[in-house]
Amino acid sequence: MMIAGHKVEKGEKITIEIPIARLPTNTDIGLVAHVYRSLHDGPTLLAIGGVHGDEVNGIEIVKRAEKQGMFKNLKIGNVIAVPLLNVFGFINYSREFPGGKDVNRSFPGTKNGSLASRVAYTLTKEILPHVDIALDFHTGGDKIYNYPQARVYSKDPESVRLAEEFAMPHLIKGGLIRRSLRRTAHDMGIPMVVFEGGESQRIDEFSIQEGLKGLKRVLIARGMINGNVEKQESLIINDNAWIRAARSGMFTCTKVAGDTIKKGEVIGSITGPYGNFSYKVKARKDGILFGHNNQPVINKGDALFHVGYE
Ligand SMILES: [Zn+2]
């Protein structure tokens, strides 16, 4: 296996650092990949975190899987672990690259583009061609808490299979976002599942544990490691919508991500800071909450709850 000019022999574990660009401070910025090769042929799994620099749970999952030695004794195949793709965002507590560029909207990237585009290009050109299956570990958004979930392209049976092996509490089926990593992987014939869990800039141990268990389940299912992990039935969500704030004020949840909700049920409230009004947020249909907003001060139209429907 030749990755970015580095030869990786069977049975070897090496770190590859692919230079990409320099920051204005002359600091090098690159792509760091840890490559674990077994002695036997088999699938190559990519476990990647930190596509969004502030999504700490995804980074922690990949890092911790490595620390736990999950990839140390592969029976077959290979693992490429990229714990942190967006170094710039990570050190700036930011989702994005300079100029607000989202690497996950910059794929497949260009050689001479912006920093985000170059990082996307490096991953697409140097790493993805070696990959057979991929898990892209994210976290929720800024103040948006996501219950541990797999997101998958509903029309790709191999990605759906991977998501079923991964077995998160929630499995959200949907489309592909233009210029996302998942879209590029799909175009290259690589089944990919996106993990979401917790909220950005906040370590959520529950989400980390779910992500780690899912990763292990996939490795076991593909015959790459021995072991067993408790089985879990995913709740499948085929359709979803946001419940948005009907007015501005202070928001509190009475139901949170992971809860099921019934039509007409009060799931939160919006109140005036002077005690001048109180508004009840109600469920419009029966559903399952897979994300909620932890931002206490909200404006009319802000997303409050992400609701899934079977
Ligand atoms: Zn993300």
Side-chain angles (χ1 to χ4, degrees), residues 45-62 65 79-86 89 95-96 102-108 116 119-120 123-124 127-128 131-142 144-200 204 207-208 210-219 221 232 234-240 257 290-291 306 308:
L45 178 141
L46 170 68
I48 185 168
V51 169
H52 293 129
D54 61 351
E55 298 191 357
V56 289
N57 294 325
I59 300 164
E60 182 67 19
I61 290 166
V62 179
V79 170
I80 302 175
V82 178
L84 171 60
L85 185 71
N86 182 352
R95 174 186 169 88
E96 285 124 355
D102 184 343
V103 70
N104 213 20
R105 302 290 180 273
S106 305
F107 277 90
V119 169
L123 190 77
T124 304
I127 304 292
L128 292 185
V131 175
D132 298 306
I133 48 173
L135 298 170
D136 179 14
F137 289 95
H138 288 246
T139 302
D142 179 22
I144 303 284
Y145 180 92
N146 280 338
Y147 203 66
Q149 56 196 250
R151 296 187 177 186
V152 73
Y153 182 41
S154 58
K155 293 194 172 76
D156 179 37
E158 279 303 309
S159 291
V160 173
R161 175 189 161 199
L162 183 61
E164 285 167 357
E165 291 166 353
F166 192 49
M168 284 304 99
H170 294 168
L171 168 50
I172 298 157
K173 294 185 178 177
L176 290 169
I177 298 168
R178 236 184 110 243
R179 305 193 69 193
S180 65
L181 167 57
R182 191 150 54 111
R183 174 68 202 246
T184 289
H186 177 77
D187 291 344
M188 294 171 76
I190 305 162
M192 179 179 266
V193 168
V194 166
F195 167 88
E196 292 270 347
E199 68 180 79
S200 65
D204 181 52
S207 296
I208 292 164
E210 284 296 326
L212 283 167
K213 280 189 274 185
L215 175 52
K216 204 166 178 182
R217 283 190 196 103
V218 169
L219 292 167
Q232 182 159 255
S234 298
L235 213 147
I236 295 168
I237 294 170
N238 286 305
D239 195 14
N240 67 81
F290 65 92
H306 213 169

Strictly distance-based, threshold 3.5 Å: is any side-chain N or O of Ser159 a donor or acceptor partner for the main-chain N or O of Met192? yes

Does the side chain to side chain contact (heavy atoms under 4.5 Å, CB included) test come out yes or no for Val194 and Leu181, once each step is laid out? CA-CA 10 Å; Val194 166; Leu181 167 57; over 6 Å; no

Short side-chain to backbone donor-acceptor contact, Ser207 and Pro148, under 3.5 Å: no

Are any of the side-chain heavy atoms of Leu123 and Val51 separated by less than 4.5 Å? no

When every non-hydrogen atom of Val62 is compared with those of Ala81, the smallest separation belongs to CG1-CB, 4.0 Å

Return the CZ to CG distance between Phe137 and Leu84, rounded to the nearest 0.5 Å. 14.5 Å

Within this structure, what is the CG-CG distance for the pair Asp136 and Asn104, rounded to the nearest 0.5 Å? 6.0 Å

Taking the six-membered ring for Trp, are Tyr153 and His186 parallel (under 30°), tilted (30 to 60°) or perpendicular (over 60°)? perpendicular

Any donor-acceptor N/O pair, Thr124 side chain to Pro108 backbone, under 3.5 Å: yes

Apply ring-ring contact (aromatic ring centres under 6.0 Å, His included) to His52 and list each qualifying residue two or more places apart in sequence or on a separate chain. His138

Specify the closest pair of heavy atoms between Leu128 and Ile190, including all atoms of both residues, with the distance to one decimal. O-CD1, 3.4 Å

In terms of heavy-atom contacts, Ile133 and Val131 come closest through O-CG1, 3.3 Å

CD of Glu55 to CD of Glu196: how many Å apart, nearest 0.5 Å? 6.0 Å

Considering non-hydrogen atoms only, spot the tightest contact between Thr139 and Asn57 and give its length. OG1-N, 3.1 Å

Close side-chain approach of Tyr145 to Asp204, heavy-atom, < 4.5 Å: yes

For residues 165-178, run the donor-acceptor check on the side chains, cut-off 3.5 Å, and write out each pair with its distance to 0.1 Å, sequence neighbours left out.
unit_1 : atom_1 : unit_2 : atom_2 : d
Glu165 : OE1    : Arg222 : NE     : 2.8
Glu165 : OE1    : Arg222 : NH2    : 3.0
Glu165 : OE2    : Arg161 : NE     : 3.2
Glu165 : OE2    : Arg222 : NE     : 3.3
Glu165 : OE2    : Arg222 : NH2    : 3.4

From Arg217 CZ over to Leu212 CG, what is the distance, rounded to the nearest 0.5 angstrom? 11.0 Å

At what distance, to the nearest 0.5 angstrom, does CG of Asn240 lie from CZ of Phe290? 4.0 Å

Note: Arg95 and Asn86 closest approach over all heavy atoms is O-ND2, 3.0 Å

Is any side-chain heavy atom of Leu46 less than 4.5 Å from a side-chain heavy atom of Val82? yes

Are Glu210 and Gln232 close enough that some pair of their side-chain heavy atoms sits under 4.5 Å apart? yes

In the structure I gave you, are the side-chain heavy atoms of Leu85 and Val119 within less than 4.5 Å of one another anywhere? yes

Could you report the tightest heavy-atom contact between Gly211 and Ile61, atom names first, then the distance? CA-CD1, 3.8 Å

